[in-house]
Amino acid sequence: DELVKKELQEAINAGENALYSLRRAKNSLQSAKNWGLWDIFGGGFLTNIIKHSKLNDASSYMEEARQDLRTFQSELRDINTNINFGIDIGDFLKFADFFFDGFIADYMVQSKINDARRQVDEAIERVESVLAQLRARL
């Protein structure tokens with residue numbers, strides 16, 4: 001019984017780490033989106049540099065979230081849970097850097113940022129749901 005509680009707590013800790021990373025990615029994507037909009041509607045060279053810096057930050061945070069989600073899934077397997085996490089890590093949070101300019105390219109970047117934000121929001125909801133189920137078992 002203590003071993004089960006220990007494994008549950010490890011899974012909860014891993015899930016909380018994943019949530020933290022996902023929220024950092026979400027915030028960074030929001031910042032990149034804001035700078036991207038500024039870039040589309042009249043930003044200059046400096047705006048473009050800041051936007052790409054924010055995209056790089058978002059990419060790093062998303063990779064961190066991907067690793068944390070892998071750890072979370074591993075911890076869930078350790079407790080032999082029948083909880084369906086429902087995220088394919090292999091396809092999750094794929095993010096490409098775009099280092100070109102022009103209105104069409106900037107619009108495409110905004111579209112990719114929005115897609116990534118949706119994926120992050122979905123992951124946050126799923127992790128929160130799984131954590132609630134794990135906490136109920138403690």
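Please read all numbers here as calculations on a predicted model, not as lab measurements.
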Hey, mind stepping through V120 and R117 against side chain to side chain contact (heavy atoms under 4.5 Å, CB included) and telling me if it holds? CA-CA 5 Å; V120 168; R117 287 182 65 229; 5.7 Å; no
Verdict with supporting geometry, L29 and M62, side chain to side chain contact (heavy atoms under 4.5 Å, CB included): CA-CA 9 Å; L29 285 166; M62 291 168 71; 4.0 Å; yes
Test L19 against L131 for side chain to side chain contact (heavy atoms under 4.5 Å, CB included), laying out the working first. CA-CA 10 Å; L19 268 181; L131 283 172; 3.5 Å; yes
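Formation of a donor-acceptor pair under 3.5 Å by the T71 side chain with backbone atoms of Q67 is found in this model.
A search for side chain to side chain donor-acceptor pair (under 3.5 Å) contacts involving K5 returns nothing, not counting sequence neighbours. In this structure E125 satisfies the side chain to side chain donor-acceptor pair (under 3.5 Å) test with no other residue, sequence neighbours excluded. Considering only residues two or more places apart in sequence or on other chains, R24 meets the side-chain contact (heavy atoms from CB on, under 4.5 Å) condition with Y20, Y61, E64.
E122 has a carboxylate O that lies under 4.0 Å from a charged side-chain N of R126, or vice versa, which qualifies the two as a salt bridge.
Distance CG/N17 to CD1/I12: 12.0 Å, rounded to 0.5 Å. How far CG of L76 is from CD of E7: 11.0 Å, rounded to the nearest 0.5 Å. For the atom pair NZ (K33) and CG (N114), the distance works out to 4.5 Å, reported to the nearest 0.5 Å. The structure places CG of D121 at 9.5 Å from CZ of R118, a figure rounded to the nearest 0.5 Å.
Side-chain contact between D68 and L22: absent, with no pair of heavy atoms (C-beta onward) separated by less than 4.5 Å.
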